[in-house]
Participant: 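Supplied in structure tokens, the structure appears directly below.
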Amino acid sequence: MIELLYLVAAALFIVGLRRLSHPATARVGNALAALGMLVAVVVTLVDLDAVSYTTIVAGMVTGAVIGGFLAQRVAMTAMPQLVASFNGFGGAASAFVALIESGGDVATETGVTIALSVLIGALTLSGSFVAFGKLQGIISGRPLSYPGQLAVNGLVAAAGVAAATWAIATGESVGYWYAGGAALLLGVLAVLPIGGADMPVVISLLNSFSGLAASAAGFVIENSALIVGGALVGAAGFILTVQMSDAMNRTLANVLFSGFGGGEPAAAIGGDVTRGTVDDVAVALAYAQSVMFVPGYGMAVAQAQHAARELADALEARNVTVHYAIHPVAGRMPGHMNVLLAEADVPYDQLLDLDQSNPRLSKTSVAVIVGANDVVNPSARDDPGSPIYGMPILEVDHADTVVVIKRSLSPGFAGIDNPLFYSDRTVMLFADAKQALEDLVAAIKQY
Amino acid sequence: MIELLYLVAAALFIVGLRRLSHPATARVGNALAALGMLVAVVVTLVDLDAVSYTTIVAGMVTGAVIGGFLAQRVAMTAMPQLVASFNGFGGAASAFVALIESGGDVATETGVTIALSVLIGALTLSGSFVAFGKLQGIISGRPLSYPGQLAVNGLVAAAGVAAATWAIATGESVGYWYAGGAALLLGVLAVLPIGGADMPVVISLLNSFSGLAASAAGFVIENSALIVGGALVGAAGFILTVQMSDAMNRTLANVLFSGFGGGEPAAAIGGDVTRGTVDDVAVALAYAQSVMFVPGYGMAVAQAQHAARELADALEARNVTVHYAIHPVAGRMPGHMNVLLAEADVPYDQLLDLDQSNPRLSKTSVAVIVGANDVVNPSARDDPGSPIYGMPILEVDHADTVVVIKRSLSPGFAGIDNPLFYSDRTVMLFADAKQALEDLVAAIKQY
Amino acid sequence: MSDALISGIVVFVLSGFVGFELIRKVPPTLHTPLMSGANAISGITIVGAIIAGGLNQDTTATILGFLAITTATINVVGGFLVTDRMLGMFRRKLPRQ
Amino acid sequence: MSDALISGIVVFVLSGFVGFELIRKVPPTLHTPLMSGANAISGITIVGAIIAGGLNQDTTATILGFLAITTATINVVGGFLVTDRMLGMFRRKLPRQ
Amino acid sequence: MLVGVPDESPERRVSLPPQAAKRLGDAGHEVVVAPHAGQRAGFSDDDYRAAGARIDADAWSADVVAVITRPSPDRLAAMRPGALLVGFLEPLDPALGHILRGGQLSAVALELIPRSTVAQSMDALSSQATVAGYAAVLLAAQSAARLFPMMVTAAGTLPPAKVLVLGVGVAGLQAIATAKRLGALVSAYDIRPETEEQVASLGATFVAAPTAEAVEGGYARQVEADVRQRQLDALTPHVAGADVVITTAQVPGRKAPLLITTDMVQAMQPGSVIVDMAAGSGGNCEPTIADQIVDVAGVTVLGPTDLASRMAGDASRMYGRNLTALFELLGPDGDIDLDNEILAAACVAHRGELRNDRLADPVGHPS
Amino acid sequence: MLVGVPDESPERRVSLPPQAAKRLGDAGHEVVVAPHAGQRAGFSDDDYRAAGARIDADAWSADVVAVITRPSPDRLAAMRPGALLVGFLEPLDPALGHILRGGQLSAVALELIPRSTVAQSMDALSSQATVAGYAAVLLAAQSAARLFPMMVTAAGTLPPAKVLVLGVGVAGLQAIATAKRLGALVSAYDIRPETEEQVASLGATFVAAPTAEAVEGGYARQVEADVRQRQLDALTPHVAGADVVITTAQVPGRKAPLLITTDMVQAMQPGSVIVDMAAGSGGNCEPTIADQIVDVAGVTVLGPTDLASRMAGDASRMYGRNLTALFELLGPDGDIDLDNEILAAACVAHRGELRNDRLADPVGHPS
Ligand SMILES: NC(=O)c1ccc[n+]([C@@H]2O[C@H](COP(=O)([O-])OP(=O)(O)OC[C@H]3O[C@@H](n4cnc5c(N)ncnc54)[C@H](OP(=O)(O)O)[C@@H]3O)[C@@H](O)[C@H]2O)c1
Ligand SMILES: NC(=O)c1ccc[n+]([C@@H]2O[C@H](COP(=O)([O-])OP(=O)(O)OC[C@H]3O[C@@H](n4cnc5c(N)ncnc54)[C@H](OP(=O)(O)O)[C@@H]3O)[C@@H](O)[C@H]2O)c1
Ligand SMILES: NC(=O)c1ccc[n+]([C@@H]2O[C@H](COP(=O)([O-])OP(=O)(O)OC[C@H]3O[C@@H](n4cnc5c(N)ncnc54)[C@H](O)[C@@H]3O)[C@@H](O)[C@H]2O)c1
Ligand SMILES: NC(=O)c1ccc[n+]([C@@H]2O[C@H](COP(=O)([O-])OP(=O)(O)OC[C@H]3O[C@@H](n4cnc5c(N)ncnc54)[C@H](O)[C@@H]3O)[C@@H](O)[C@H]2O)c1
């Protein structure tokens with residue numbers, strides 16, 4: 001019976017993970033997975049004929065208090081590092097379980113699984129805490145590299161494997177401890193060289209590892225719940241890791257071994273601007289209440305008017321309110337935006353001029369700047385030294401979120417820099433306007 | 001070891017099935033699955049310490065000859081019924097395996113699995129062959145219904161379960177045979193009332209059943225290869241069945257119990273025309289070499305010009321050549337199509353008039369008629385009695401495949417029927433032109 | 001319940017999940033080939049037929065064994081071959097040569 | 001190899017397939033919550049910790065058991081709670097009130 | 001057969017441009033063109049010669065004489081007995097019958113070509129109305145105080161001009177399409193209910209006003225007085241709000257229906273424009289005077305009757321195409337096969353014998 | 001301050017339409033308008049009264065006199081010393097200096113407003129060029145033998161008209177946009193290389209011919225003789241193939257560059273049209289005569305200088321917007337703050353003192 005109840009728990013994990021990967025069902029998914037965990041724990045406790053429950057109760061209470069406290073109190077901005085630390089604890093737990101079992105007579109097969117559990121668990125532990133330190137700013141986010149790095153890591157890894165082999169062969173359980181020590185060191189050495197900006201990918205990979213460690217521990221104590229749950233996380237976590245590096249346009253190998261992705265943590269890549277992906281922007285648009293398109297000369301150059309209209313159609317099909325804000329001097333001739341949007345058959349009542357747009361912008365969820373620049377430059381309003389000071393602008397910085405679609409950070413007609421791009425409400429989507437809008441249309445249909 | 005090799009076979013099944021569900025990799029997928037089967041069979045034979053190989057060799061040779069012969073010789077049009085018959089054989093095999101094991105002393109647990117295997121296997125066998133008969137025209141394709149049908153089926157099912165229960169309880173193996181007999185009857189009774197046009201869905205469901213039967217047989221002989229392989233097919237087949245009824249805009253329950261979907265087999269639904277789905281058309285377009293759009297008044301009414309352009313863009317991105325054939329009297333005013341396509345920014349050099357289009361149409365893979373009717377009516381060419389006889393038409397019937405997008409079979413301006421719709425090269429996509437084209441754009445991006 | 005049964009159930013449930021997750025949106029043109037391929041895989045029962053048929057207990061069992069092996073082999077061999085034939089046609093039909 | 005090991009491997013491989021197939025294209029906004037949720041599930045090792053820790057062999061084992069249970073519980077409780085918190089914020093952040 | 005193309009000045013169009021003459025030549029016919037016949041449409045005598053035609057002042061004595069507008073009686077006198085006259089012959093005018101009978105002439109009136117799918121290639125009413133509808137919008141755009149497109153500019157936001165098209169036949173549809181291209185906000189109205197869908201098919205808005213299943217052979221019928229009044233009432237606010245109104249409503253054989261009264265014109269903004277394309281048959285707008293510019297309280301009312309002629313080149317090209325398609329139905333010497341549905345409908349006289357029913361009831365066969 | 005709006009007939013536009021007068025009134029200024037000043041643009045005296053302006057024949061004695069074109073010297077004599085004159089003053093003409101000095105007048109020439117992003121709301125050259133570019137296309141479309149849009153019809157397939165725009169400034173861009181809207185196949189050329197992207201941004205094709213980084217303050221410079229010849233050679237085939245050519249090329253303070261020779265015109269198809277928008281400064285086309293219709297071997301060459309005036313209503317509205325934006329820079333009595341970059345650039349005389357550098361070198365500050 002206990003096995004079948006574990007199977008129920010596993011099924012809940014599976015359904016939970018599936019839902020977690022879709023925006024609309026994620027929260028329920030998490031709850032289902034938690035329910036699965038509850039089932040597994042209760043079944044175990046009921047079935048257990050333990051010598052003493054003291055340790056168990058003490059450990060669970062302590063852990064619950066610490067975990068609950070951290071989860072509630074830590075600032076939202078520190079979430080990634082918190083997850084890293086939790087993950088480290090999970091790896092540690094698997095290693096501990098294996099170490100407990102390493103005492104006494106151990107079959108070779110079991111020895112191998114103990115070794116795997118200890119090695120992977122310890123590596124996860126130290127790696128996760130280095131990642132935590134980098135994200136928290138305790139350790140420098142800069143990639144730390146020195147010559148012969150890979151060789152050193154290889155040596156440490158070999159030492160760990162050797163210690164484990166010795167332990168398995170001789171039955172000397174202290175060998176597993178040595179192996180664990182080597183793995184701890186390896187975790188530190190492997191993560192230190194990776195830049196802070198790449199930490200999320202590293203944490204995800206370590207998360208996949210902690211699944212494998214749990215699975216290995218499951219082999220040690222011959223428990224199917226651990227094997228199934230661990231394998232699930234191991235595999236799903238790996239796929240997620242790959243997707244995360246894809247989203248950064250990197251390969252996983254490149255993330256792990258290049259020492260690239262330097263600078264401070266957070267998503268700040270390529271200067272001080274926040275760079276978004278098509279998917280980021282698509283989700284923001286799909287769940288927005290109102291969207292304001294702000295076309296400029298770049299829309300004309302890209303001939304992106306039809307794509308803009310398509311995106312607007314896709315959003316309206318999701319009950320998002322859409323308008324277009326036309327600045328009097330957008331483009332390169334009077335009425336430039338009008339002629340293009342009329343060609344794309346945008347209804348006239350969606351076109352707003354400056355006076356109509358600005359009051360609306362402060363109530364807009366997302367302003368999408370399509371190849372405009374000077375006409376949304378806040379220095380015309382804020383910086384008396386600017387050559388365009390005094391020109392009325394479209395105050396897109398009053399919207400909740402600003403998405404800027406252009407190919408680079410280069411300036412527009414007036415040849416001046418635009419502080420909007422560096423605002424923390426702004427997400428830059430660097431691409432040709434037509435391509436970006438078409439990609440957004442495709443992406444939105446997924447959500 | 002044998003278990004691990006079975007696991008390899010299972011992995012090959014999984015990878016094979018996954019690839020089978022994507023057009024570009026389907027054939028490789030099938031090969032991988034076949035390889036998995038080979039591994040499983042070889043492993044079994046090697047591991048086997050059989051009393052006699054005669055039966056085995058004789059059976060395998062006979063089966064291979066029959067199966068190979070049928071697979072090579074049967075006409076392509078008879079494929080669905082061939083699959084049905086193969087499926088029936090599979091179900092029979094599982095039932096036989098269970099029956100062999102039913103001799104001698106049998107534990108209750110095993111008895112249950114034997115019963116399941118026999119019941120499901122026998123049901124699959126008879127159901128599949130009824131489906132075969134309906135598709136082959138041996139049995140009438142018309143849904144056959146009589147009052148109290150469900151009650152009768154319920155009784156037969158109850159009898160089967162009762163016989164099986166008796167067999168399990170008493171250990172009388174003949175009870176399994178009775179149960180199998182009842183299941184055979186039930187298979188016939190359950191499938192007979194369903195119309196010929198719905199047979200593909202029924203076969204798919206029975207296919208899922210034959211997986212379950214194999215899995216049950218696996219439990220009987222405690223063989224993990226059968227359990228895994230059977231469960232895979234059971235689950236995947238079920239999902240496929242649901243998708244197939246979705247594609248017909250029906251629920252599965254509706255297919256099984258409504259007796260609807262009458263008429264002859266084949267995809268002929270709603271008269272003599274071939275009705276296509278968006279996905280059918282999308283695949284045909286995605287893998288075409290050249291596509292000719294033929295717009296008519298319906299494109300104008302639907303204001304589908306932008307959607308047409310989007311679809312053309314999506315096709316061109318796949319290196320499909322796209323043109324538009326404009327008939328002199330398409331629409332309701334001279335130049336009607338021109339003004340709309342110019343609005344959608346279709347390049348002038350893609351617009352062909354009558355004289356330019358007709359030579360090209362015979363070299364066109366797919367002609368897509370977007371809300372045109374009279375201007376593609378072959379009776380203007382072929383039927384001297386037609387009121388429009390003598391008017392030059394766009395000879396779309398010279399293209400390899402013709403897709404007609406309109407809302408119904410209603411006639412156009414001239415008020416006359418159009419034989420094009422009933423041609424066997426023609427697929428009708430009944431929908432509003434704009435909606436259909438937008439759906440096609442979305443679908444094409446999947447392939 | 002026997003251990004074998006329980007571990008069988010675990011394996012069965014997990015395989016079922018794999019099967020469910022495996023099939024994403026399939027284009028209708030592939031419905032029949034996929035069904036046919038899946039059907040061929042369900043011929044895995046051939047392994048059972050070989051094992052059971054090889055035991056060679058009595059005449060009935062031998063006959064049943066022969067039948068089981070034959071039908072299962074038809075399903076497997078015919079199934080994979082016909083799927084391949086369909087897919088071959090499918091590929092060729094679309095682009096015009 | 002022991003039967004337990006073999007059936008363990010079968011279960012492991014099948015679960016791995018489920019895990020691989022489970023994750024389709026995930027929107028980047030969900031990357032962190034999904035990672036966090038998956039991490040909480042990897043806390044299933046708590047079951048192992050309870051079993052191993054409950055054996056209470058000697059002092060080292062007791063201490064290790066306590067540590068294992070504590071760390072695993074932190075992972076489970078903290079993990080699920082923090083995921084829920086993230087997702088709650090995510091929902092609220094997007095549509096403006 | 002010998003086809004004659006007379007000089008129809010002051011008409012700017014020519015019945016057969018050089019391209020059409022070439023097509024006829026290729027089909028084995030001979031074409032004789034009066035000197036300078038094509039000049040006002042941009043075709044020189046050399047172009048005709050290059051197309052294989054003969055330049056000769058005596059184009060009237062051919063087997064078939066192709067004209068655009070009805071010639072004066074003295075010109076018809078130059079035609080030889082039994083010859084065929086083709087063109088817009090105003091077949092309702094009883095004077096016509098008299099001349100044709102006297103000259104023993106055959107005649108095909110292009111106005112009577114059925115508006116059916118097969119006959120569309122000969123439908124010169126359609127081809128000329130297409131050109132006229134386009135020209136009407138250009139004229140309106142030039143005469144209006146407003147630019148048609150919406151423009152958000154540094155010198156203020158110009159809203160799109162509001163264009164109202166009354167009568168959605170061939171010319172009306174073309175006017176809708178052209179005004180919409182230029183960026184105007186277009187609405188339209190016609191008495192025939194099926195035009196609602198046609199208006200939408202060009203992306204314009206249909207104005208809710210009474211419609212009636214009032215169709216004969218595809219043409220509108222005259223409507224009852226009470227419907228007329230309800231029409232006017234419903235249109236009044238739309239006319240008042242429009243910057244440009246283009247009217248095209250006609251009922252064959254009758255005076256054009258009145259759709260805009262002087263009061264309604266006065267309610268419009270100064271600077272607005274009305275182009276009344278029905279001016280030739282009395283006009284849809286009360287103050288309209290054919291071919292004059294009338295100013296009503298700052299509103300410009302134009303009644304041009306020569307719109308197609310203003311684009312004489314393309315208009316002649318299309319007309320020539322219509323005629324060559326028609327000529328394919330004729331016998332070797334221009335004989336008319338009265339069993340042919342299209343010719344039977346459009347032939348008003350056969351060798352001097354008047355086909356009176358056609359003269360009396362000028363509405364063609366239902367398509 | 002008191003703003004005067006004189007009657008400038010025969011000019012059809014008016015410097016301040018009623019809406020602009022109302023905006024000035026709301027800002028605390030007084031506006032005096034000469035009787036019938038707005039009539040030819042569609043604005044009645046009553047409209048002005050309703051907008052709060054005073055109708056008075058003596059509009060010349062105001063603090064600020066707003067004109068469109070440069071007034072004759074005798075009219076300027078009616079201005080009071082120290083008053084400000086604003087409008088298109090043709091600042092290059094030395095005669096202007098004489099008058100201004102004599103009358104102790106201040107003057108702002110709108111031609112000299114810098115073409116920069118901040119000054120765009122006062123840029124009357126742009127607003128009037130916008131209207132003119134649109135009007136030029138309407139004029140060309142009416143004069144051409146071809147319809148602009150492509151039409152596949154039962155009366156044959158009409159190919160789209162080929163329109164070539166030479167000079168892609170404000171007017172050229174608007175001409176491209178308008179011709180494209182009407183369905184023509186548009187190509188364009190300008191000497192400034194950055195216009196290639198601008199042409200593409202309207203969906204038209206750039207013609208490959210020599211370009212040069214020849215820019216001063218956003219304007220084109222005159223180019224060397226060899227470049228000029230290469231330009232002509234490169235343009236020749238494109239001009240010959242065009243149904244319509246619209247030329248807009250100007251170099252401030254110089255005669256307009258010659259882009260089309262008489263030979264090139266003769267190589268065009270009869271029935272083609274050239275609209276030369278640079279006719280006022282000598283024309284881009286050799287046979288052009290300002291404000292006349294010239295026929296060169298069947299090609300119509302038009303040199304209208306009053307294009308913006310033809311759409312007097314909207315042109316005046318935009319001009320009025322430009323002026324009210326400019327007036328916001330002025331002091332309470334119309335004083336000019338010469339520290340303001342825009343005013344410093346455009347002010348040609350300050351209380352009779354000529355700002356000579358501006359008169360000598362009329363090119364504005366680089367933006
Ligand atoms: N409206 C008029 O009448 C007129 C006339 C003359 C001058 N101007 C001036 O032009 C400016 C107009 O402002 P604006 O905001 O419309 O334009 P802008 O300030 O010139 O900026 C346009 C932006 O579009 C981007 N872009 C260009 N091609 C693109 C492509 N294919 N895809 C995506 N982005 C592209 C460029 O950035 P990347 O290179 O990074 O992509 C550029 O920064 C004003 O300064 C105005 O004064 C206007
Ligand atoms: N070009 C001209 O100058 C002119 C003028 C007058 C008359 N005509 C005549 O009009 C005809 C033109 O031929 P055509 O082939 O263009 O048109 P058609 O023969 O009138 O057929 C149009 C088809 O479009 C379909 N349709 C309508 N709305 C639709 C929508 N929203 N989505 C999808 N389909 C829609 C209709 O079928 P469903 O209802 O089943 O959807 C209809 O059968 C000719 O007979 C011609 O003689 C032409
Ligand atoms: N079969 C074909 O291919 C074909 C080709 C061309 C035209 N047609 C048909 O021929 C018919 C006539 O076209 P036309 O352009 O010569 O028409 P027309 O010039 O005779 O009249 C113009 C329009 O005025 C409308 N009208 C008449 N009285 C009116 C009133 N009181 N109020 C409002 N509108 C009024 C008519 O309905 C018509 O649409 C149309 O039905 C058209 O679709 C058919
Ligand atoms: N900053 C702004 O917001 C703003 C606003 C309006 C105009 N502008 C700029 O002002 C400048 C002038 O515009 P404009 O319309 O008044 O110009 P313009 O009337 O002086 O000249 C018209 C065009 O003719 C071109 N030209 C001159 N010589 C030529 C030759 N030999 N061959 C071909 N073309 C030739 C010029 O390059 C110019 O594009 C442009 O650069 C324009 O972008 C800027």
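Chain naming here is simple, since letters A, B, ... match the order of the sequence lines and numbering starts at 1 in each. Atoms considered below: every heavy atom in the structure, side chains included; atoms not considered: hydrogens, waters and symmetry mates.
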Participant: Does any backbone or side-chain atom of A:L232 lie under 4.5 Å from a heavy atom of chain D? Answer side chain, backbone, both or neither.
Facilitator: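 Both parts, backbone and side chain.
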Participant: Given heavy-atom pairs under 4.5 angstrom as the criterion, report whether the side chain, backbone, both or neither of A:M37 touches chain D.
Facilitator: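 It is the side chain, since no backbone atom gets that close.
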Participant: Sort out for me which of D:A49, D:G8, D:A40, D:G37 touches chain A most, counting heavy-atom pairs under 4.5 Å.
Facilitator: D:G8
Participant: Examine whether an atom of D:V47 lies under 4.5 Å from a heavy atom of chain A, and if so say whether it belongs to the side chain, the backbone or both; otherwise answer neither.
Facilitator: both
Participant: With a 4.5 angstrom heavy-atom cut-off, is it the side chain or the backbone of A:V83 that approaches chain D, or both, or neither?
Facilitator: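 Both parts, heavy atoms under 4.5 Å.
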Participant: Heavy atoms only, distances under 4.5 angstrom: which of A:A213, A:G91, A:A231, A:G36 has the most pairs with chain D? Name it, please.
Facilitator: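 Looking at each of A:A213, A:G91, A:A231, A:G36 in turn, A:A231 comes out on top.
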Participant: D:H31 and A:M244: which non-hydrogen atoms are nearest, and at how many Å?
Facilitator: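 Here D:H31 and A:M244 meet closest at ND1-CG, 3.4 Å.
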Participant: For D:I46, is it the side chain, the backbone, both or neither that has a heavy atom under 4.5 Å from a heavy atom of chain A?
Facilitator: side chain
Participant: In terms of heavy-atom pairs under 4.5 Å, which option from A:A34, A:S85, A:G211 contacts chain D the most?
Facilitator: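 Looking at each of A:A34, A:S85, A:G211 in turn, A:A34 comes out on top.
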Participant: Based on non-hydrogen pairs under 4.5 Å, which of A:A214, A:P80, A:S21 is most in contact with chain D?
Facilitator: A:S21
Participant: We want to know whether A:S94 and D:T45 form a side-chain donor-acceptor pair, criterion being a heavy-atom distance below 3.5 angstrom.
Facilitator: yes
Participant: Let me know if A:S215 has heavy atoms under 4.5 Å from chain D in its side chain, its backbone, both or neither.
Facilitator: side chain
Participant: Heavy-atom cut-off 4.5 Å, strictly under: side chain, backbone, both or neither for A:N30 against chain D?
Facilitator: both
Participant: Could you check whether any side-chain N or O of A:R18 sits under 3.5 Å from a backbone N or O of D:I23, counting only pairs where one atom can act as donor and the other as acceptor?
Facilitator: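 Not at all, since once roles are kept as given, no pair shorter than 3.5 Å links the two residues.
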Participant: I need the minimum non-hydrogen distance between A:F96 and D:T71, along with the two atoms involved.
Facilitator: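 Smallest interatomic distance, heavy atoms only, reads CD1-OG1, 4.1 Å.
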Participant: If you apply the rule side-chain contact (heavy atoms from CB on, under 4.5 Å), what do you find for A:V228 with D:L14, and how did you get there?
Facilitator: CA-CA 8 Å; A:V228 175; D:L14 288 174; over 6 Å; no
Participant: Between D:L64, D:I69, D:L81, D:N39, which shows the greatest number of heavy-atom pairs under 4.5 Å with chain A?
Facilitator: D:N39
Participant: Is chain D contacted by the side chain of A:L226, its backbone, both, or neither, given a heavy-atom distance below 4.5 Å?
Facilitator: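 Both the backbone and the side chain of A:L226 come within 4.5 Å of chain D.
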Participant: What part of A:E222 gets closer than 4.5 Å to chain D, counting heavy atoms only: side chain, backbone, both or neither?
Facilitator: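 Just its side chain gets close to chain D.
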Participant: I would like to know whether A:I227 and D:S15 meet side-chain contact (heavy atoms from CB on, under 4.5 Å); could you show each step before the answer?
Facilitator: CA-CA 8 Å; A:I227 299 181; D:S15 306; 5.6 Å; no
Participant: Given a strict heavy-atom distance threshold of 4.5 Å, which part of A:F219 is in contact with chain D: side chain, backbone, both, or neither?
Facilitator: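 Looking at A:F219, just its side chain touches chain D.
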Participant: Using heavy-atom distances under 4.5 Å, tell me whether A:R19 contacts chain D through its side chain, its backbone, both, or neither.
Facilitator: neither
Participant: Does CZ belonging to A:F238 count more than 12 external heavy atoms closer than 6.0 Å?
Facilitator: no
Participant: With a 4.5 angstrom heavy-atom cut-off, which part of A:T277 approaches chain D: side chain, backbone, both or neither?
Facilitator: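 Side chain only.
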Participant: Taking side chain as everything from C-beta outward and backbone as N, CA, C, O, which of these in A:A217 sits under 4.5 Å from a heavy atom of chain D? Side chain, backbone, both or neither.
Facilitator: side chain
Participant: Where does A:L212 contact chain D at under 4.5 Å (heavy atoms): side chain, backbone, both or neither?
Facilitator: side chain
Participant: Is a side-chain donor or acceptor of A:E109 paired with a backbone partner of D:L5 at a separation under 3.5 angstrom?
Facilitator: no
Participant: Output the option from A:T401, A:L99, A:V220, A:T62 having the highest count of non-hydrogen pairs under 4.5 Å with chain D.
Facilitator: A:T62
